[in-house]
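No experiment lies behind these values; they were computed from the predicted model shown.
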Amino acid sequence: MIRKALRPAKRLLGQLYRQHAARQTLKGIGRLDHPSAAAIATGLATRPHYPRADKGVIEEIEAQRRHWLADNRSLSNLATGFNSRDLISKACNASKPPPQCLQLLHLARALKPRATLELGTNLGISSAYLGLASRAHNGRVVTVEGSEARATLAAGLHEALGLENVQRVTGKFQVILPKTLEQHGPFDLAFIDGHHQLEPTLTYTDQIIPHLSKGAVIVYDDIDWSEGMIQAWEHISNDRRFAFAITCKELGMVALKQDTGDEPPESFTLHTR
């Protein structure tokens with residue numbers, strides 16, 4: 001009986017400890033001598049709420065998400081493309097949920113990237129959040145998708161929201177990524193959310209790095225999604241081309257060095273709320 005009565009208090013103490021640890025970690029990141037460090041710490045410290053100025057647009061995005069989650073039509077009814085036999089509802093279910101989308105929005109708002117690259121448009125929900133964040137500082141987003149059907153739905157969403165700063169590129173990553181990087185770089189922020197396997201993730205990273213600005217940030221989604229992604233993140237978070245690496249649940253973030261030093265990246269683990 002006593003143990004049962006103490007459980008709520010223990011849970012509260014655990015929560016308070018995690019919050020304190022997160023604040024200390026963010027302070028450590030913010031003190032780093034790197035142009036993106038303070039902005040990353042600010043973006044990650046922001047609670048995942050709807051910013052007042054963006055509330056109307058975000059409500060439209062989330063209304064479309066709810067509509068798609070209930071839409072059991074096949075993507076093949078829209079266009080011929082990779083995985084076109086999937087249901088719209090299934091494709092939407094693979095989109096980043098609202099808390100993570102809001103985290104991306106706050107991160108992009110803090111970093112103020114002039115150009116953002118996304119690999120893996122899906123239905124365009126995360127790129128809508130990134131486009132909304134970038135529109136506030138006249139930034140642009142280039143998002144790449146392998147499925148014509150998914151890109152069609154994403155285009156409709158972006159156009160309905162008036163996000164003219166989001167440009168979609170459709171085709172297999174290994175074919176169109178080099179040209180996309182040449183035409184639209186350099187990028188200040190990259191969000192890799194597609195082809196969650198070891199070799200492709202490392203290959204895309206190597207291709208993207210020469211087209212990043214100094215101190216740019218790469219965010220990797222689903223770093224614990226598969227054994228391959230776990231290995232990929234282990235490799236990336238120790239890559240000496242980066243100044244520091246942050247593990248934040250299913251997201252991983254690295255910041256490109258400004259110099260050619262050979263020190264390993266500083267490592268941080270953030271236990272979010």
Side-chain angles (χ1 to χ4, degrees), residues 36 40 44 81-86 90-91 93-97 100-101 103-104 107 116-123 125-127 130 142-147 150-151 169-182 184-212 215-257 260-272:
S36 299
I40 289 174
L44 292 178
F82 181 69
N83 279 345
S84 60
R85 289 177 294 178
D86 282 348
K90 182 179 178 182
N93 195 54
S95 299
K96 298 307 296 175
Q100 277 111 5
C101 284
Q103 188 175 57
L104 282 175
L107 185 64
T116 298
L117 173 70
E118 179 186 56
L119 293 189
T121 312
N122 194 18
L123 304 187
I125 291 176
S126 55
S127 47
L130 289 168
V142 178
T143 181
V144 183
E145 173 55 43
S147 163
R150 295 171 192 242
V169 180
T170 308
K172 292 183 177 180
F173 291 178
Q174 60 266 38
V175 175
I176 62 172
L177 182 57
K179 185 177 180 181
T180 300
L181 293 168
E182 289 287 347
H184 300 286
F187 295 97
D188 308 302
L189 174 63
F191 178 45
I192 299 181
D193 185 22
H195 210 162
H196 301 311
Q197 300 295 337
L198 171 61
E199 292 302 329
T201 300
L202 297 182
T203 297
Y204 302 146
T205 298
D206 288 340
Q207 290 178 308
I208 289 170
I209 284 177
H211 299 277
L212 295 177
V217 174
I218 307 179
V219 180
Y220 297 84
D221 192 26
D222 295 325
I223 57 174
D224 57 355
W225 184 78
S226 66
E227 185 60 35
M229 281 303 295
I230 292 171
Q231 293 175 23
W233 178 241
E234 177 69 19
H235 181 93
I236 291 164
S237 61
N238 288 286
D239 191 320
R240 292 172 185 261
R241 291 175 292 184
F242 301 118
F244 60 93
I246 305 170
T247 302
C248 184
K249 299 182 77 171
E250 74 279 0
L251 292 179
M253 302 174 209
V254 288
L256 196 66
K257 283 181 178 175
T260 57
D262 194 42
E263 303 84 3
E266 293 194 54
S267 181
F268 299 88
T269 300
L270 184 64
H271 298 286
T272 55

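- Among residues two or more places apart in sequence or in another chain, the side chain to side chain donor-acceptor pair (under 3.5 Å) test is passed with Lys257 by none.
- In this structure Ala245 satisfies the side-chain contact (heavy atoms from CB on, under 4.5 Å) test together with Trp233, Ser237, Val254, sequence neighbours excluded.
- Nearest heavy-atom pair, Met229 versus Asp221, reported as atom, atom and distance to 0.1 Å: CE-O, 3.7 Å.
- In this structure, Cys248 SG and Leu107 CG are separated by 9.5 Å, a value rounded to the nearest 0.5 Å.
- The nearest pair of heavy atoms linking Leu104 to Ser126 is CD1-CB, 4.3 Å.
- The closest donor-acceptor contact from the side chain of Thr269 to the backbone of Thr247 lies at 3.5 Å or more, if one exists at all.
- His196 pairs by the side chain to side chain donor-acceptor pair (under 3.5 Å) definition with Asp193, Asp222, not counting sequence neighbours.
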Passes side chain to side chain contact (heavy atoms under 4.5 Å, CB included), Ile236 versus Ile223? Steps please.
-> CA-CA 11 Å; Ile236 291 164; Ile223 57 174; over 6 Å; no
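- For Asn93, there are no side chain to side chain donor-acceptor pair (under 3.5 Å) partners at least two apart in sequence or on another chain.
- Closest of all the heavy-atom pairs between Pro178 and Phe173 is CD-O, 4.1 Å.
- Applying the salt bridge (Lys or Arg N to Asp or Glu O under 4.0 Å) rule to Glu250 yields the partners Lys96; only residues at least two apart in sequence or on another chain are considered.
- In this structure, Ser127 OG and Glu145 CD are separated by 9.5 Å, a value rounded to the nearest 0.5 Å.
- Remark: Lys179 pairs with no residue by the salt bridge (Lys or Arg N to Asp or Glu O under 4.0 Å) rule, at least two apart or across chains.
- In terms of heavy atoms, Ala91 sits closest to Asn122 at O-ND2, 2.9 Å.
- Taking the side chain to side chain donor-acceptor pair (under 3.5 Å) definition, one finds that Asp224 meets it with nothing, sequence neighbours left out.
- In this view, His211 and Leu181, Glu182 satisfy the side-chain contact (heavy atoms from CB on, under 4.5 Å) rule, not counting sequence neighbours.
- Applying the side-chain contact (heavy atoms from CB on, under 4.5 Å) criterion to Ile176, with sequence neighbours excluded, gives Val144, Val169, Thr180.
- Residue pairs meeting the salt bridge (charged side-chain N to carboxylate O under 4.0 Å, His left out) criterion with at least one partner in residues 203-212, sequence neighbours excluded, are Asp206-Arg241.
- With sequence neighbours excluded, no residue forms a ring-ring contact (aromatic ring centres under 6.0 Å, His included) with Phe268.
- Taking OG1 from Thr116 and NE2 from His184, the interatomic distance works out to 13.5 Å, rounded to the nearest 0.5 Å.
- For Phe242, there are no ring-ring contact (aromatic ring centres under 6.0 Å, His included) partners, not counting sequence neighbours.
- Distance CG/Leu177 to NZ/Lys172: 15.0 Å, rounded to 0.5 Å.
- Separating the CD1 atom in Ile192 from the CG atom in Leu117 is a distance of 7.5 Å, to the nearest 0.5 Å.
- Phe244 contributes atom CZ, which lies 14.5 Å from atom CD of Glu263 (distance to the nearest 0.5 angstrom).
- Minimum interatomic distance between Thr205 and Thr201 (heavy atoms only, all atoms of both residues): OG1-O, 2.8 Å.
- Shown here for Leu130 and Glu118, the closest heavy-atom pair between the two residues is CD1-OE2, 4.3 Å.
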